[in-house]
Amino acid sequence: MSPRKIIIDTDPGQDDAVAILLALGSPDEIDLLGITAVAGNVPLPLTQKNARIVCELAGRPDVKVFAGCAAPLKRKLVTAEHVHGKTGLDGPQLADPVMPLQDQHAVDFIIDTLRREPSGTVTLVPIGPLTNIATAFQRAPDIIGRVQEIVLMGGAYFEVGNITPSAEFNIFVDPEAAAIVFDAGAPMVVMSLDVTHKALTTRARVEAFRALGTEPGRMVAEWTDFFERFDKEKYGSEGAPLHDPCTIAYLIRPELFTGRHVNVEVETKGEFTSGMTVADWWRVSGREPNALWIGDLDAEGFFALLSERIGRL
Ligand code: RIB
Ligand code: CA
């Protein structure tokens, strides 16, 4: 089977970085057409820089990285330095990237790529706020029907929120953008906190990254060492959820994941619930299903895949 053509839309972020490395370590399954950076965990100047740092770490300075939207559609940007650190990739010391940022705006790259590639052959993998994707859909509605699938990290239902009591960060930052994407009608797979909170690092899993004996393996171990302190303190868990790599792992080995086709709506008006993803898991609303909502994964298989593929870099 030929590799799946994808665009990763991202706000690196340590877990975004692991997702990018997993994609670059899996060339038989993934053809990464480009990386589009969006403001989220940290402001855009840092997310576009961090995306290039990760590509160089993987030995892939040829990957095209584009800068996209610096702020949500209608709201003030909310960032997450409290989780990811000031740089967004806190943990190890990192040199500035040498590879260039592409001149083209990320939104134009998304539109041009979907218009150029045969319809139904490009998958969008958003793992940050959905501002770039929504802007592309608003500016060029003709591309929506050309999207093969959207496999995104975002939202929460049974796990409730991680940035507010009701909302997950990626959706909370730009609820209007999320509503546009969820309502667009493209086939969607949603990796919410319901499943990513089961993709928890453990000491053994982090040491398995370090034991790879490679620079990428060492970096991933140091990123998770830093990244997990917040979740361990907040949830009292042994480790931290590796949210974003779940999207790429799904593209490589979908059998690791289980879910249900349900209707998902995004709350944009609630005083206490703005950014909440209302997943009709028990199908009581009568609203048409618009997403495959993933609820569980084989965590051992997921981490084994991560170590094996990152070990190839
Ligand atoms: O809520 C988790 C999500 O928010 C992940 O994508 C993480 O990188 C942050 O962007
Ligand atoms: Ca992210």
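Atoms within each ligand, like the ligands themselves, are counted from 1 in listed order.
By the 4.0 Å N-to-carboxylate-O rule, E228 lies too far from R205 to be salt-bridged with it. Between D225 and R210 there is a salt bridge, with a side-chain nitrogen of the basic residue lying less than 4.0 Å from a carboxylate oxygen of the acidic one. Between D31 and R4 there is no salt bridge, since none of the side-chain N atoms of the basic residue sits less than 4.0 Å from a carboxylate O of the acidic one.
Taking every non-hydrogen atom of D15 and a distance limit under 4.0 Å, the qualifying atoms of ligand 1 come out as 5 (C), 6 (O), 7 (C), 8 (O). Under a 4.0 Å criterion applied to the non-hydrogen atoms of M153, ligand 1 contributes the atoms 2 (C), 3 (C), 5 (C), 6 (O). For ligand 1, the atoms lying closer than 4.0 Å to a non-hydrogen atom of D11 are 10 (O). The atoms of ligand 1 that sit less than 4.0 Å from any heavy atom of F169 are 1 (O), 4 (O), 9 (C), 10 (O). The contact set between ligand 1 and D16, taken as ligand atoms under 4.0 Å from a residue heavy atom, comprises 8 (O). The contact set between ligand 1 and N170, taken as ligand atoms under 4.0 Å from a residue heavy atom, comprises 3 (C), 4 (O), 5 (C), 6 (O), 9 (C), 10 (O). Residue contact check: H243 has heavy atoms under 4.0 Å from atoms 2 (C) of ligand 1.
Note on I127: counted as a metal contact of the Ca ion (ligand 2), an N/O/S atom lying under 3.0 Å. In summary, an N, O or S atom of D16 is located under 3.0 Å from the Ca ion (ligand 2).
Between the side chain of T214 and the backbone N or O of G217 there is at least one donor-acceptor pair closer than 3.5 Å. Between the side chain of R52 and the backbone N or O of M99 there is at least one donor-acceptor pair closer than 3.5 Å. In terms of modelled atom types and a separation under 3.5 Å, the side chain of N162 and the main chain of F169 share a donor-acceptor contact.
Looking only at heavy atoms of the protein, atom 9 (C) of ligand 1 is closest to N41 OD1, 3.1 Å. At the shortest separation from atom 2 (C) of ligand 1 among protein heavy atoms lies E168 OE2, 3.3 Å.
To the nearest 0.5 Å, the span separating NE2 on H84 from CG on L46 amounts to 12.5 Å.
Between L193 and ligand 1, a contact under 3.5 Å exists for no N or O pair.
Within D244, the N, O or S atom at minimum distance from the Ca ion (ligand 2) carries the name OD2. Sorting the N, O or S atoms of D11 by how far they are from the Ca ion (ligand 2) puts OD1 first.
The part of D244 lying near ligand 1 is the side chain, judged by heavy-atom distances below 4.0 Å. At a 4.0 Å heavy-atom cut-off, ligand 1 touches N162 through the side chain alone.
Because its NZ or CZ atom is not both nearer than 6.0 Å to the ring centre of F137 and within 45° of the ring axis, R139 does not count as a cation-pi partner of that residue.
Residue-environment remark: CG (D62) exceeds the threshold of 12 foreign heavy atoms within 6.0 Å.
Connection of I248 to W223 is established within a shared hydrophobic cluster, with ILVMFWY side chains joined at heavy-atom distances below 4.5 Å, either directly or through further cluster members.
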